[in-house]
Amino acid sequence: MTVNPLLKKFFIVLNRPRIPENIGASARAICNMGLGGLVVVAPENPDLEKMLKMATHKAAHLIKGMKIYSDLKEALANFGYIIGTTARTGGIRKPILTPREVAAGLFQFAAQNQIAIVFGSEDRGLTNQEIRFCHQLVKIPVAEFSSLNLAQAVMVISYEIFLASFQPPQRVSPRLATSQELELMYEKIKEILIKISFIQPENPDHWMMNIRRFFSRIGLRSNEVNLIMGICRQIEWFGKARFKDQNESLTPEKENK
Ligand code: SAH
């Protein structure tokens, strides 16, 4: 079978998995479906023997070559497009699409970007804080009991990506800003919006979520992130200059005039 080489741009990211067998079974699914590799964040029980047993010798190279990080933000730093997977809906978890609705569209990014599919831990799933990094959320539709076993969820989504790899690409998207570039930009925007009292310092994340959603939809490039950073720095400089002027005009000397 001729396999689409772009499948190698897709990586499965397991955030804080608890059960080593699920890591092994995920590696096997990645191998079966021809994806790029496995990234694991803070595994609770990094028992290699248990992982390798479920991976079988065919996917052992994925376990031996998997990248391990202590923090999700760091693990996602170099990815240009990030999909979050969740069994839970509602609240900030919208809009949610099915893997089939999303998979074909991902190939437009794959030529120029590394794509991460993020999975949560067996007990907690992904928290709202962790979902922040994602451009899009997907939920596997089920008849009953919304939550799948972690490795089975990895398989279903990997399979949908594999099937979509046979469809002709809709268009080719340019290289997008990496997660690291975006996170620095969101930090700066948050800082400025607090300074100009547009958002409350007590609960900035609620507002920032709307801003993140809006930018995720656009898919910013590196130079566009630099432009927004430049605007933020100019606002900051302008505010500081004005603040200084105000102080000067309020000095007792001037007030007495
Ligand atoms: N109790 C958790 C479920 C965790 S299942 C919760 O309520 O969120 C472990 C992981 O498998 C989830 O974080 C998600 O990444 C994936 N998963 C399980 N069921 C899924 C579904 N129906 N759709 C998409 N991903 C799912």
Side-chain angles (χ1 to χ4, degrees), residues 7 10-33 35-47 50-51 54-55 59 62-63 66-76 79 81-106 114-164 179 205 209 212-213 216:
L7 282 169
F10 291 77
F11 288 77
I12 298 296
V13 179
L14 302 182
N15 187 49
R16 304 185 175 279
R18 304 192 66 188
I19 303 168
E21 283 86 349
N22 276 337
I23 303 177
S26 298
R28 185 171 179 170
I30 293 168
C31 175
N32 288 142
M33 297 302 140
L35 306 191
L38 179 60
V39 175
V40 181
V41 182
E44 191 176 296
N45 174 10
D47 184 328
K50 288 184 175 161
M51 290 181 209
M54 288 302 281
L62 288 164
I63 294 295
M66 71 189 172
K67 291 202 173 120
I68 303 186
Y69 293 87
S70 55
D71 174 60
L72 182 62
K73 183 174 171 182
E74 206 189 309
L76 295 175
F79 287 96
Y81 202 80
I82 302 169
I83 296 286
T85 61
T86 178
R88 270 179 290 150
T89 55
I92 67 154
R93 291 163 193 253
K94 328 178 262 232
I96 297 198
L97 300 174
T98 66
R100 192 157 299 179
E101 285 166 326
V102 167
L106 294 179
Q114 306 252 59
I115 300 171
I117 324 283
V118 189
F119 293 80
S121 67
E122 293 87 341
D123 53 345
R124 286 184 321 138
L126 290 173
T127 63
N128 287 350
Q129 279 297 96
E130 290 157 350
I131 271 175
R132 267 180 324 151
F133 300 116
C134 303
H135 292 80
Q136 175 68 55
L137 293 179
V138 299
K139 181 182 180 209
I140 301 163
V142 288
E144 225 174 280
F145 182 32
S146 66
S147 173
L148 273 74
N149 161 269
L150 172 59
Q152 289 178 349
V154 170
M155 181 42 128
V156 170
I157 289 180
S158 302
Y159 178 63
E160 288 294 340
I161 292 169
F162 174 69
L163 283 188
S179 181
D205 289 338
M209 203 58 222
R212 278 171 178 272
R213 252 196 225 142
S216 294

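Whatever order the structure lists ligands and atoms in, that order sets their numbers, starting from 1.
- Every atom of ligand 1 is numbered from 1 in the order shown, and the set under 4.0 Å from a heavy atom of Lys139 is 23 (N), 24 (C).
- With Ser158 contributing its side chain and Ile30 its backbone, the two residues share no donor-acceptor pair below 3.5 Å.
- Any N or O atom pair closer than 3.5 Å counts here, and Asn149 shares no such pair with ligand 1.
- Among protein heavy atoms, the minimum distance from atom 8 (O) of ligand 1 is reached at Arg88 NE, 3.2 Å.
- Proximity of Pro141 to ligand 1, defined as any heavy-atom pair under 4.0 Å, is not found for any part of the residue.
- At a heavy-atom cutoff of 4.0 Å, ligand 1 is contacted by the backbone of Thr86 but not by its side chain.
- Remark: minimum distance from atom 17 (N) of ligand 1 to any protein heavy atom is reached at Ala153 CB, 3.6 Å.
- Looking at Ile68 and Val41, their side chains never come closer than 4.5 Å, going by heavy atoms from C-beta outward.
- An N or O contact shorter than 3.5 Å links Gly120 to ligand 1 by distance.
- Counting heavy atoms from C-beta outward, Ile161 and Leu163 have side chains that stay 4.5 Å or more apart.
- At a threshold of 4.0 Å, the pair Arg18-Glu122 does not count as salt-bridged, since none of the basic side-chain nitrogens sits closer than that to a carboxylate oxygen.
- A donor-acceptor pair under 3.5 Å links the side-chain atoms of Glu130 to the main chain of Thr127, judged by distance alone.
- Distances from atom 9 (C) of ligand 1 to the heavy atoms of Ser26, Ser121, Ser147 show the closest one on Ser121.
- Environment of CE in Met54: sparse, with no more than 12 heavy atoms of neighbouring residues, nucleotides or ligands closer than 6.0 Å.
- Arg132 contributes a side-chain N or O that, together with a main-chain N or O of Gln129, makes up a donor-acceptor pair within less than 3.5 Å.
- The main-chain N or O of Thr98 is found under 3.5 Å from a side-chain atom of Glu101 such that the two form a donor-acceptor pair.
- Not one N or O of Val138 is nearer than 3.5 Å to an N or O of ligand 1, by distance alone.
- Among all non-hydrogen protein atoms, the one lying nearest atom 23 (N) of ligand 1 is Ile140 N, 2.8 Å.
- Here the protein heavy atom with the shortest distance to atom 15 (O) of ligand 1 is Thr85 OG1, 2.6 Å.
- Polar contact check, Leu148 against ligand 1: a nitrogen or oxygen pair lies under 3.5 Å apart.
- In terms of protein heavy atoms, atom 20 (C) of ligand 1 is closest to Ala87 CB, 3.7 Å.
- Residues Met51 and Pro46 meet the side-chain proximity criterion, which asks for heavy atoms closer than 4.5 Å.
- Ranking protein heavy atoms by distance to atom 1 (N) of ligand 1, first place goes to Asp123 O, 3.2 Å.
- At the top of the distance list for atom 22 (N) of ligand 1, counting protein heavy atoms only, stands Ser146 O, 2.8 Å.
- The backbone N or O of Tyr81 lies less than 3.5 Å from no partner atom in the side chain of His135, so there is not a single donor-acceptor pair.
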